[in-house]
Amino acid sequence: MSNTSPLNVQRRLPPLNAVRAFEAAARLGGFNAAGAELNVSANAVGRLVKLLEDSLGVALFRRLPRGVVVTKAGEHYLAGIGRLLDQLAEATADLKRLETSSVLTVSAMPSMVSRWLIPRLGRLTERHPDLDVRLVAKVPRTDFAREEIDVAIRTGAGSYDGLRSDLLLREDFFPVCSPELLSRGPPLRDPADLAHHVLLHDEFDHERRQPNQVNWARWLAATGMTNIDARRGLRFSYSHMTLQAAVAGQGIALASSALLADDLATGRLVRPFGDLAVPGPNRFSVVCPEATAEREKIAMFREWALSEATM
């Protein structure tokens, strides 16, 4: 009986550079696009793919006069190596996170960073003075396998494959304005009065972030206001810009309860219609890979963030 363990058996691997070239070409649809991603020429990609095909004894592409098409064998191979390359990327990112373990990198939407995280950051450093924090404001969802991010605050359904997800905040939407606008402008006694005011829109956060996100049109419909043109007004890229315009008296913003910071408590903004609000369909969650969820710095941030959400 052999005592040889799997660790002592030499793996029969194809040339890894050639595998990378094939995967990029198959995923992107050609040698030119793969070369651009890998920072080499299309001819170099072609040579690497031919090396891989010779090594495997299988044609992975059909060469056509105007490009290449992945064969059935190539499609099957792509599905397998794609998963393996993702695992390799995740293991590499995991190692890099370990090497920079004194720094906690947190990503979130720009408005979440500026309106929720930054105003509270001092309490995190007071609680954990040895924890160095790096905030990354980004729009695309964090790819933990490819990015050096430890933890993210994500908006959506709240359940994500391979990730631990803890509910941070649910959100309601309601109009807000400056006290000055409320006192000097046309009356704002009920939502019908919005017809006489400038509406402030945040196009990205409310219209592109989630297809079912509450915007002015949906809010007005939900409150029975069908005679107000929800398209008019001023438009901004992000919620924090819209809220700043509201503070400056530029009009009426449709605010998420999750992003108001202390504007209501300090009186910078007021709710002209009292408690009238429309619930949002999504939730903010603290998310991280399951494999790293119990690392000390991540657990400290999660515990702090969840405690802040109850204050």
Side-chain angles (χ1 to χ4, degrees), residues 93 103-124 133-176 200-219 234-247 253-264 268-269 277-289 293 298 301-302 304-311:
V103 178
L104 177 78
T105 302
V106 182
S107 77
M109 293 280 291
S111 294
M112 188 62 178
V113 169
S114 65
R115 302 292 301 181
W116 197 89
L117 277 170
I118 289 178
R120 295 168 167 81
L121 204 57
R123 291 195 287 270
L124 175 61
V133 179
R134 173 174 171 256
L135 293 182
V136 177
K138 62 194 297 290
V139 172
R141 283 187 171 178
T142 296
D143 184 343
F144 288 99
R146 299 176 184 272
E147 301 177 62
E148 294 180 35
I149 302 293
D150 295 299
V151 63
I153 295 179
R154 181 177 289 186
T155 179
S159 178
Y160 311 100
D161 290 343
L163 300 179
R164 170 167 173 170
S165 177
D166 291 85
L167 173 63
L168 181 68
L169 298 163
R170 299 187 186 278
E171 57 181 346
D172 294 324
F173 289 86
F174 44 81
V176 295
L200 306 178
H201 305 259
D202 43 289
E203 293 186 320
F204 183 88
D205 283 353
H206 280 178
E207 294 176 15
R208 290 177 239 171
R209 182 182 66 185
Q210 299 287 343
N212 58 347
Q213 190 74 358
V214 177
N215 56 19
W216 270 118
R218 293 188 179 96
W219 193 91
L234 302 177
R235 298 181 180 275
F236 303 88
S237 298
Y238 298 108
S239 295
H240 63 277
M241 299 167 64
T242 308
L243 292 173
Q244 186 58 43
V247 170
L254 185 61
S256 162
S257 57
L259 302 178
L260 275 176
D262 58 352
D263 291 309
L264 293 176
R268 286 194 296 269
L269 291 172
V278 172
N282 301 301
R283 51 194 277 178
F284 287 92
S285 302
V286 179
V287 300
C288 65
I298 296 175
F301 176 82
R302 180 171 56 245
W304 166 80
L306 297 180
S307 69
E308 284 289 323
T310 62
M311 295 177 65

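We count residues from 1, following the sequence as given.
We find the OG1-CD distance between T310 and E308 to be 8.0 Å, quoted to the nearest 0.5 Å. Rounded to the nearest 0.5 Å, atoms CZ (F284) and CE (M109) are 8.0 Å apart. Interatomic distance, CD of E147 versus OG1 of T142, reported as 5.0 Å (0.5 Å rounding). Atom OG of residue S239 and atom NE2 of residue H201 lie 13.0 Å apart, to the nearest 0.5 angstrom. Rounding to the nearest 0.5 Å gives a distance of 8.0 Å between CG of D262 and CZ of R120. Rounding to the nearest 0.5 Å gives a distance of 11.0 Å between OH of Y238 and CG of D202.
Taking each heavy atom of N282 and Q213 in turn, the nearest pair found is ND2-OE1, 2.9 Å. Contact detail for C288 and D150: the closest heavy-atom pair is CB-O, 3.5 Å. Residues K138 and S107 approach most closely at CD-CB, 3.7 Å, considering heavy atoms. G280 approaches F173 most closely through the heavy-atom pair CA-CE1, 3.7 Å. Across all their heavy atoms, A309 and L168 have their closest contact at CB-O, 3.2 Å. Closest approach of W304 to R123, counting heavy atoms only: NE1-C, 3.8 Å.
For the residue pair S257 / D172, no side-chain donor-acceptor distance below 3.5 Å is found, with atom types taken as modelled.
L135 is linked by a side chain to side chain contact (heavy atoms under 4.5 Å, CB included) to V106, V113, L117, I118, L121, V133, counting only residues two or more places apart in sequence or in another chain. Take F174 and apply the ring pair (Phe, Tyr, Trp, His ring centres under 6.0 Å) test, not counting sequence neighbours, and it matches no residue. Under the rule for a salt bridge (charged side-chain N to carboxylate O under 4.0 Å, His left out), R134 has no partner lying at least two apart in sequence or in another chain. For the side chain to side chain contact (heavy atoms under 4.5 Å, CB included) test, residues two or more places apart in sequence or in another chain that qualify with A246 are L200, A253, L269. For the side chain to side chain donor-acceptor pair (under 3.5 Å) test, residues two or more places apart in sequence or in another chain that qualify with R164 are D166, E294. In this structure, S114 has no side chain to side chain donor-acceptor pair (under 3.5 Å) partners at least two apart in sequence or on a different chain.
Remark: side-chain polar atoms of R302 are paired, donor with acceptor, to backbone N or O of A293 under 3.5 angstrom. A donor-acceptor pair under 3.5 Å is formed between the side chain of S256 and the backbone N or O of A258. Between the side chain of S165 and the backbone N or O of V287 there is no donor-acceptor pair closer than 3.5 Å. No side-chain donor-acceptor contact under 3.5 Å links W219 to the backbone of L254.
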| task | Please report the C-alpha distance between L259 and M112 in whole Å, then the side-chain angles of each, then the deciding distance to 0.1 Å, and finally whether the side-chain contact (heavy atoms from CB on, under 4.5 Å) criterion is met. | result | CA-CA 6 Å; L259 302 178; M112 188 62 178; 3.7 Å; yes

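Using a 4.5 Å heavy-atom cutoff, the side chains of H240 and P110 are in contact.
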